[in-house]
Structure formats: C-alpha cells, structure tokens
Amino acid sequence: MKVISFVLFLVSFVFQAPAQSNIASSKPHRFYAGLGLTTIDYHIYYKEQKSPGNVHTGYFAPVYLNLGYSVNDKINLQVGLSYGGSTSKNDLFRQPQDSVKYNYYARTNVVALSLSMQHILFQAFRRFPVYATATLMPAYGMSKAKTEETRSTGTTTYWVKEAGMDVFATAGLGFRYKISQRIQGYVEYLPFKHNITGKNSFEHDWDQTSPRFRRIINSLNFGANYSF
C-alpha cells in the first residue's frame with residue numbers, strides 16, 4: 001500500500017506542476033525514442049500454478065522500446081513495449097535406490113506495456129537533470145515446463161503450459177546525461193516495486209532478503225534516448 005500511495009502522490013504532484021520551468025531543457029525536441037534495459041527481476045504469479053515446484057516460472061527482466069513526449073521542460077510522458085523471459089533447470093534423484101532421475105526444465109516468455117511519468121526536480125552539476133519517475137506496467141506471460149522421468153526401462157516426458165497477467169508499479173529517481181546533440185543516456189534507481197494484482201513474496205521477489213548493495217544493483221533501469 002505504501003508503494004501504491006507513493007505512486008498516486010507522484011502522479012498527482014506531476015499534474016499539479018507548473019507548465020513552465022526555470023530549468024533549461026536539455027532536449028531540443030519534444031519527441032524521443034529509446035532502448036532500455038533493467039536489472040529488476042519481475043515475477044508473474046499464475047492463478048493456477050501448474051508447473052512443478054522444482055523450477056521457477058513467471059520471472060522476467062524486460063528489454064524496453066520506449067516512445068516519449070516532453071510536455072514541458074519538467075514533465076515527460078513515456079510509453080514502452082517490452083519483452084523478457086527466463087529459463088530454469090533442475091536435476092534430481094528422487095529415489096537413488098531405484099536409480100530414478102527427474103530432469104526439470106521451464107521457459108517463460110513475457111510481453112509488457114508500460115506507462116511512465118518523469119518530473120525533473122533539479123539540475124545536478126548544471127548538466128544532469130535529476131527526476132522522479134513512476135511506472136505502471138501490465139505484463140502477460142506464458143510458461144512451458146517439462147519433466148523427464150528416467151528409469152532403467154526408459155524416459156517419460158510430461159509437459160505443462162500456463163499463462164497469466166499481473167500489473168506492476170515502480171517508482172524512484174533517475175538522471176539523464178548528454179551523449180550527443182540528440183542522444184541522451186539515463187540511469188534510474190527504483191527502490192519502490194510492487195505487484196499490484198499478484199503476490200509479493202518477501203523470500204523470492206525484489207531481492208528483499210539480499211544485502212543492501214545487491215538490492216540497489218538489482219533495482220536499476222538504464223538506456224539511451226534519441227530526440228527527434
């Protein structure tokens with residue numbers, strides 16, 4: 001609830017921001033397109049968990065294609081189309097005395113749409129715009145899991161398919177830096193992450209049990225935008 005409240009507050013703050021700013025715009029054009037990567041590992045929770053518990057399904061770290069519009073010198077609106085996926089493998093001797101071996105494999109593919117808002121707070125070192133950002137991202141995932149049971153008499157293979165959608169919210173801070181006249185790079189730190197429609201496992205999601213340094217490293221977005 002704290003994350004949702006933060007996102008709603010940020011959205012409200014953005015819309016109440018003045019249309020003009022004393023901060024000079026670092027981009028000469030209103031529209032931009034870009035490519036983004038993330039270290040965040042999202043997790044879709046399927047309504048009916050069909051895959052064996054020995055493999056992980058529903059996890060993805062997307063690659064983004066973004067299209068943005070600068071409303072004014074402070075506010076950007078951005079939409080994105082992204083794709084991500086993951087694989088999981090596990091081998092297990094369930095009954096060593098009978099030489100029964102189980103091989104587990106799962107593959108997840110996810111497509112997602114995102115809507116983001118960015119509000120420039122100040123210029124760091126007179127060159128780097130520092131901004132607050134919030135994103136809503138519906139994501140649809142499909143997973144296919146395989147179980148191979150190997151005995152002395154042969155191997156039996158079982159397949160399971162499942163699909164579902166969750167909506168994620170993230171928020172944090174970012175900064176941009178000029179690479180050329182039309183190209184800008186950016187880095188975002190998103191400590192606020194929440195699965196709005198699914199679970200949020202403390203043990204398995206968002207690296208919540210990891211040391212602080214790892215939590216920071218696994219909360220980053222970065223990429224580059226081209227203005228036109």
Side-chain angles (χ1 to χ4, degrees), residues 1-21 23 25-27 30-45 60-84 110-124 128-140 165-177 184-200 205-208 215-225 227:
M1 291 302 296
K2 292 182 178 180
V3 175
I4 297 175
S5 298
F6 177 82
V7 173
L8 293 176
F9 169 77
L10 183 57
V11 170
S12 175
F13 176 74
V14 167
F15 276 116
Q16 292 175 8
Q20 300 297 327
S21 169
I23 298 177
S25 174
S26 58
K27 295 187 295 185
R30 291 295 187 187
F31 289 95
Y32 63 88
L35 175 67
L37 304 174
T38 185
T39 61
I40 300 174
D41 212 12
Y42 296 90
H43 185 193
I44 295 176
Y45 282 88
F60 69 103
V63 176
Y64 302 92
L65 291 175
N66 298 315
L67 179 64
Y69 175 71
S70 298
V71 179
N72 54 46
D73 290 343
K74 278 192 173 183
I75 300 172
N76 286 352
L77 299 179
Q78 180 175 290
V79 295
L81 175 64
S82 59
Y83 166 80
V110 179
V111 292
L113 294 172
S114 59
L115 175 62
S116 303
M117 291 185 178
Q118 302 169 356
H119 180 264
I120 295 179
L121 303 176
F122 59 90
Q123 297 272 26
F128 305 103
V130 176
Y131 57 88
T133 180
T135 299
L136 287 177
M137 185 180 72
Y140 178 80
M165 185 179 76
D166 275 331
V167 180
F168 301 89
T170 59
L173 297 174
F175 74 91
R176 297 197 295 267
Y177 52 95
Q184 286 191 331
Y186 67 88
V187 177
E188 296 175 348
Y189 170 53
L190 306 174
F192 300 96
K193 300 178 284 288
H194 194 76
N195 187 336
I196 297 177
T197 58
K199 299 179 182 178
N200 288 268
D205 300 333
W206 318 126
D207 296 295
Q208 295 182 77
R215 295 201 304 270
I216 293 174
I217 293 298
N218 291 341
S219 299
L220 300 177
N221 281 354
F222 53 93
N225 294 322
S227 300

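Start at 1 with the first residue, then count along the sequence. Every heavy atom of this structure was used, including side-chain atoms; hydrogens, water molecules and symmetry mates were not.
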Quick one, Met117 and Ile75 - any side-chain contact, counting heavy atoms below 4.5 Å? no

Do Val110 and Ile44 have side chains that get closer than 4.5 Å, going by heavy atoms? yes

Using modelled atom types and a 3.5 Å cut-off, is there a donor and acceptor pairing between side-chain atoms of Asp207 and backbone atoms of Arg215? no

Distance from Ile40 atom CD1 to Ile217 atom CD1, nearest 0.5 Å? 12.0 Å

Mind listing the closest non-hydrogen atom pair of Pro191 and Gly172 along with its distance? CD-CA, 3.9 Å

Identify which one of Thr38, Leu190, Asn221, Leu136 satisfies the side chain to side chain contact (heavy atoms under 4.5 Å, CB included) criterion when paired with Thr170. Leu190

OG1/Thr133 to CD/Gln118 distance, rounded to the nearest 0.5 angstrom? 4.5 Å

Would you confirm whether Asp41, through its side chain, and Asn218, through its main-chain N or O, come within 3.5 Å as a donor-acceptor pair? no

Below 4.5 Å, heavy atoms only, C-beta onward: do Asn76 and Tyr32 meet side chain to side chain? yes

Which heavy atom of Met165 sits nearest a heavy atom of Ala139, and at what distance? CG-O, 2.9 Å

How long is the straight-line distance from CD of Glu188 back to CZ of Phe222, given to the nearest 0.5 Å? 11.0 Å

Ile120 versus Tyr131: any side-chain heavy-atom pair under 4.5 Å? yes

Heavy-atom closest contact (Gly36 atom, Tyr186 atom, distance): CA-OH, 3.4 Å

When rounded to the nearest 0.5 angstrom, what distance separates NZ in Lys199 from CG in Asp205? 10.0 Å

Tyr69 backbone acceptor or donor facing Arg30 side chain under 3.5 Å: no

Stepwise side-chain contact (heavy atoms from CB on, under 4.5 Å) test for Leu65 and Leu35: CA-CA 5 Å; Leu65 291 175; Leu35 175 67; 3.8 Å; yes

Tyr42 side chain reached by Trp206 side chain, heavy atoms, under 4.5 Å: yes

Tyr45-His43 aromatic ring centre distance below 6.0 Å: yes

Interatomic distance, Phe168 atom CZ to His194 atom NE2 [nearest 0.5 angstrom]: 10.5 Å

Drop me the distance from Tyr189's OH to Ser219's OG, to the nearest 0.5 angstrom. 5.5 Å

